[in-house]
Amino acid sequence: MIADLRGKDALSKDALSNLTGRIVESYHDLDTIEHLDQTSLPNFQVVTAIVTDLKDIIFPGYHRFRNLHWTNARDHVGELLKGLYERLREQIACALRYEGSGRGIAAAAGWNGDDADQRAREKALAFLQYLPELRVIIATDVEAAFEGDPAAHGHDEIIFCYPGLEAITIYRLAHCLHSLRVPLIPRMMTEWAHSRTGIDVHPGARIGPGFFIDHGTGVVIGETCVIADHVTLYQGVTLGAISFDHDAEGNLIRGTKRHPTIEREVVIYANATVLGGQTVIGAQSVIGAGVSVTKSVPPNTIVTVEKPSLRFREAPATRSA
Amino acid sequence: MIADLRGKDALSKDALSNLTGRIVESYHDLDTIEHLDQTSLPNFQVVTAIVTDLKDIIFPGYHRFRNLHWTNARDHVGELLKGLYERLREQIACALRYEGSGRGIAAAAGWNGDDADQRAREKALAFLQYLPELRVIIATDVEAAFEGDPAAHGHDEIIFCYPGLEAITIYRLAHCLHSLRVPLIPRMMTEWAHSRTGIDVHPGARIGPGFFIDHGTGVVIGETCVIADHVTLYQGVTLGAISFDHDAEGNLIRGTKRHPTIEREVVIYANATVLGGQTVIGAQSVIGAGVSVTKSVPPNTIVTVEKPSLRFREAPATRSA
Amino acid sequence: MIADLRGKDALSKDALSNLTGRIVESYHDLDTIEHLDQTSLPNFQVVTAIVTDLKDIIFPGYHRFRNLHWTNARDHVGELLKGLYERLREQIACALRYEGSGRGIAAAAGWNGDDADQRAREKALAFLQYLPELRVIIATDVEAAFEGDPAAHGHDEIIFCYPGLEAITIYRLAHCLHSLRVPLIPRMMTEWAHSRTGIDVHPGARIGPGFFIDHGTGVVIGETCVIADHVTLYQGVTLGAISFDHDAEGNLIRGTKRHPTIEREVVIYANATVLGGQTVIGAQSVIGAGVSVTKSVPPNTIVTVEKPSLRFREAPATRSA
């Protein structure tokens, strides 16, 4: 019996050793999905810790540090900023070296990543300088949520509990880094928000103040969207692309405006989709729940789906059980 | 070179110190999004730990404590309850003091939070007393899932793996606390469930037994919904509000019935939206996938969208590559 | 005062002790939702750790182990495989013993779980042997994402950041285990992916290479779906069931084909639903955003919703502010 088990163990040992060889061989054959002998990518855990600290600076006293007072706020913020700067410049340098190593598309421009550390320092500092300004914009988002949701009991509940505000806050941070041409990290930030809230806002989108996303699960806002002031979206709304252009060789053309423009004070209800780079939703229009729009809509328009059809059952189903 | 780096370090040090001052100043200017010198808010980590322990009591032996037997169950439950009571009364006291401090809307009623500890003790105990009753209702939800999903192999798989059951269980716990007028904590619980399951059920909604949400991502159930027995919802269904009333000064009126009533044995398919406080979906009706309803529907009715239009392509696209 | 508090403490102590008794009693009465004195279920934490290690083998150098080189890759993979084999056979044995204990439906077939350890060893080894083959298929999924999304800057960004690829990778792993008739664990894996990505793919679905899900929140792919090569889905798409058959006693019939068949190179846009086991979407067809399909669609067809209706407001609402 023991011999038999030993035999099985030896068998599985051989099989695993043999399998190891086959897997490593497959790394040679399939080099599109391996990252061996490459410059390090930024680290997800560090990036999410950075976002958590940034949120503590933007909304002081709400989250982890609950004994924050006017007397200790200055020390606290100073401490957080020091740590943020160090980790930011390290992670940005990582992302820039990756970009410069030739795997990222922008690297094709000819930069080899030489002065990544110096550039990272500058970008980290430039980013942090935006924080006071960002607080002003994010306060308009909080206000918009309070004005837009009768279920909200106060600003604190919104800051404390609303996933829409979490997604918008992280988007605004990521958009700043994206504007400073930091690669990869902005996407890591918004994908973290996406995973936690179900709201997927591309860091490249341009979004005005007073933006409110209620509930939010399933919302998608594409890379080249332009959204004006005081727009409201509900859960499941897609602001997306409708078709893609290819070049003469059949390759996808990247970087053109593929996503819609939403003018000020538009409201888009649950599960509606607005598609296309030429599509403009005019100011103060309302897009009804479940509507699918692929053409522009003039200002002050209410767009709704056709009435659904009703049919009565002759013999209503009764529950089995 | 070293001098140069030191110069850079000094530069960034000055910049960060200056920035710290600007950020703390912005806390004065933007006092809608700071929480300094305030009573502590409840703690998210503690609240989620409470929910995890409550789930262990409701579904014994499924999750963390897998060697649970009839012989040790009593000791185990006793131990859990003791810890739950202590943490609940502490967190509820926190929420009540917050409410009494004047930032919460209910505080406007005049209570100053004086006897928060005593009230918290009573509410914590009253809540825990509901647990046996809650188990009876939640067992009907498990049964409804088994009856409603041909992919389910048994009750255990539903309890172990179904996000719909997780969201409903946490909603039922949160609704109990909400009925006991505990502020903030019920929302923290359901937002935790929302983040994990994509299902957003407001603790204020009233939902009968035998409730089944299949898959569930994107489901939104608003604060003033009333849902009767044995209702089934699929992913992406919104039971929401359609418009809000404002008072003479233009402020949002809060607390009116804004969300629909769903009668017994109704089934609502994926991505349908039912909106409006006056909207009633009659018993045993079926709302088809993608339908948008803003008016009442009589009992025993099947509601579907207009047939989509089909168009044939003359030259079918062939994949490039 | 102290006496008073002691009195309260004694009161709550009695109440909790009494409550403990009532809860344990309810375990006797409601035996559909307890798991006492039963064989252990597999462990969620261990299963998610297994998935994380499997992803490290499939995409070497991207995630946790960032200093991976050609020189140390073999040792690294060997080490991972050894740990994976041990944990897999332990968890699979757990799942098989559960199945054999009579709570799982398949157990009805008469197996009592006796040789669970031996079967688990074989299944764990057979599963790991698939890994090189799986890498080939998953590489086609990465390529499909790059071809399908103009916002993607390269393969690395897709592997590093795209939730659609994460969900598909975990589905492909879970589908392998499902094909080897491992109970429970495949569902635990895909529900973990569902929780992180909002994408719910049943391990029983059959999906060809080059599969791309963009954004993905709210996607549901049912147990008996068949999806051919190079299909693209956007967020909120449901491939679901439309009605269920019951046997003469009114019990749900499980195991029949209830979900649609999607032929090659089909694209299905956001929030569309395709329902029914007889429904076939023909090759190269396009299903528009928000469309609801319950009948088959021929190849090369573009399906869109009726145009929405536009209504102009006479007195445009102005924001109260």
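Side chains included, hydrogens not; waters and symmetry mates left out as well; all remaining heavy atoms used. Order of the sequence lines fixes the chain letters, A, B, ..., with proteins taken first and strands second; residue numbering starts at 1 for each chain.
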**Student:** Please classify the contact of A:Ala283 with chain C as side chain, backbone, both or neither, using a heavy-atom distance under 4.5 Å.
**Tutor:** neither
**Student:** In terms of relative ring orientation, are A:His202 and A:His178 parallel, tilted or perpendicular, with 30° and 60° separating the classes?
**Tutor:** perpendicular
**Student:** In the structure I gave you, are the side-chain heavy atoms of A:Glu191 and C:Pro163 within less than 4.5 Å of one another anywhere?
**Tutor:** yes
**Student:** Find out whether C:Asp149 and C:Ile158 are in side-chain contact, i.e. whether some heavy atom of one side chain is under 4.5 Å from a heavy atom of the other.
**Tutor:** no
**Student:** Identify which part of C:Phe160 has an atom lying under 4.5 Å from any heavy atom of chain A, answering side chain, backbone, both or neither.
**Tutor:** both
**Student:** Measure distances from A:Ile242 to the heavy atoms of chain C and classify the residue's part below 4.5 Å as side chain, backbone, both or neither.
**Tutor:** backbone
**Student:** May I ask you to name which of C:Val142, C:Ile57, C:Thr197 has the most heavy-atom pairs under 4.5 Å with chain A?
**Tutor:** C:Ile57
**Student:** Is C:Ile58 close to C:Leu173 at the side-chain level, that is, under 4.5 Å between some pair of heavy atoms?
**Tutor:** yes
**Student:** Which atoms of C:Leu84 are under 4.5 Å from chain A, going by heavy atoms: the side chain, the backbone, both sets, or neither?
**Tutor:** neither
**Student:** Between C:Leu239 and C:Ile268, does a side-chain contact (heavy atoms from CB on, under 4.5 Å) hold up when you go through it step by step?
**Tutor:** CA-CA 10 Å; C:Leu239 308 179; C:Ile268 308 183; 3.9 Å; yes
**Student:** Contact part of A:Pro183 toward chain C, heavy-atom cut-off under 4.5 Å: side chain, backbone, both or neither?
**Tutor:** neither
**Student:** Side chain, backbone, both or neither: which part of C:Ser195 has a heavy atom under 4.5 Å from chain A?
**Tutor:** backbone
**Student:** Identify which part of A:Asp200 has an atom lying under 4.5 Å from any heavy atom of chain C, answering side chain, backbone, both or neither.
**Tutor:** side chain
**Student:** Nearest 0.5 angstrom please: C:Ile199 CD1 to C:Ile213 CD1, how far?
**Tutor:** 4.5 Å
**Student:** Which answer fits A:Ser17, side chain, backbone, both or neither, if we ask what part of it has an atom under 4.5 Å from a heavy atom of chain C?
**Tutor:** both
**Student:** Using heavy-atom distances under 4.5 Å, tell me whether C:Leu310 contacts chain A through its side chain, its backbone, both, or neither.
**Tutor:** both
**Student:** Check each atom of C:Val286 against the heavy atoms of chain A and say whether the ones under 4.5 Å are side chain, backbone, both or neither.
**Tutor:** neither
**Student:** Under 3.5 Å, is there a donor-acceptor pair between the side chain of C:Glu166 and the main chain of C:Ala193?
**Tutor:** no
**Student:** What is the minimum heavy-atom distance between A:Thr140 and A:Gly210, and which atoms define it?
**Tutor:** OG1-N, 2.9 Å
**Student:** Chain A: which of C:Glu157, C:Gln129, C:Arg135, C:Arg196 shares the most heavy-atom pairs with it under 4.5 Å?
**Tutor:** C:Arg135
**Student:** Please state whether the side chain, the backbone, both or neither of A:His194 comes within less than 4.5 Å of a heavy atom of chain C.
**Tutor:** side chain
**Student:** Heavy-atom distance under 4.5 Å to chain A: side chain of C:Leu131, backbone, both or neither?
**Tutor:** side chain
**Student:** Are A:Arg187 and C:Tyr162 close enough that some pair of their side-chain heavy atoms sits under 4.5 Å apart?
**Tutor:** yes
**Student:** Can you say whether C:Gln235 sits under 4.5 Å from chain A via the side chain, the backbone, both, or neither, judging by heavy atoms?
**Tutor:** side chain
**Student:** Determine yes or no for a side-chain-to-main-chain donor-acceptor pair under 3.5 angstrom, with C:Asn72 supplying the side chain and C:His69 the backbone.
**Tutor:** yes
**Student:** When heavy-atom pairs shorter than 4.5 Å are enumerated against chain C, which of A:Thr273, A:Leu19, A:Val24, A:Val303 gives the highest number?
**Tutor:** A:Leu19
**Student:** Between A:Ile302, A:Thr20, A:Val305, who has the most heavy-atom pairs with chain C when the cutoff is under 4.5 Å?
**Tutor:** A:Ile302
**Student:** Checking heavy atoms, do the side chain of A:Arg258, its backbone, both or neither come under 4.5 Å from chain C?
**Tutor:** side chain
**Student:** Give a yes or no answer on whether the side chain of A:Arg22 reaches the backbone of C:Pro132 with a donor-acceptor pair at less than 3.5 Å.
**Tutor:** no
**Student:** Chain A heavy atoms under 4.5 Å from C:Val77: which part of the residue, side chain, backbone, both or neither?
**Tutor:** both
**Student:** Select, from C:Cys161, C:Gly290, C:Gly198, C:Gly218, the one with the greatest count of heavy-atom pairs under 4.5 Å involving chain A.
**Tutor:** C:Cys161
**Student:** Can you tell if the side chain of A:Ile221 reaches within under 4.5 Å of the side chain of A:Leu233, non-hydrogen atoms only?
**Tutor:** yes
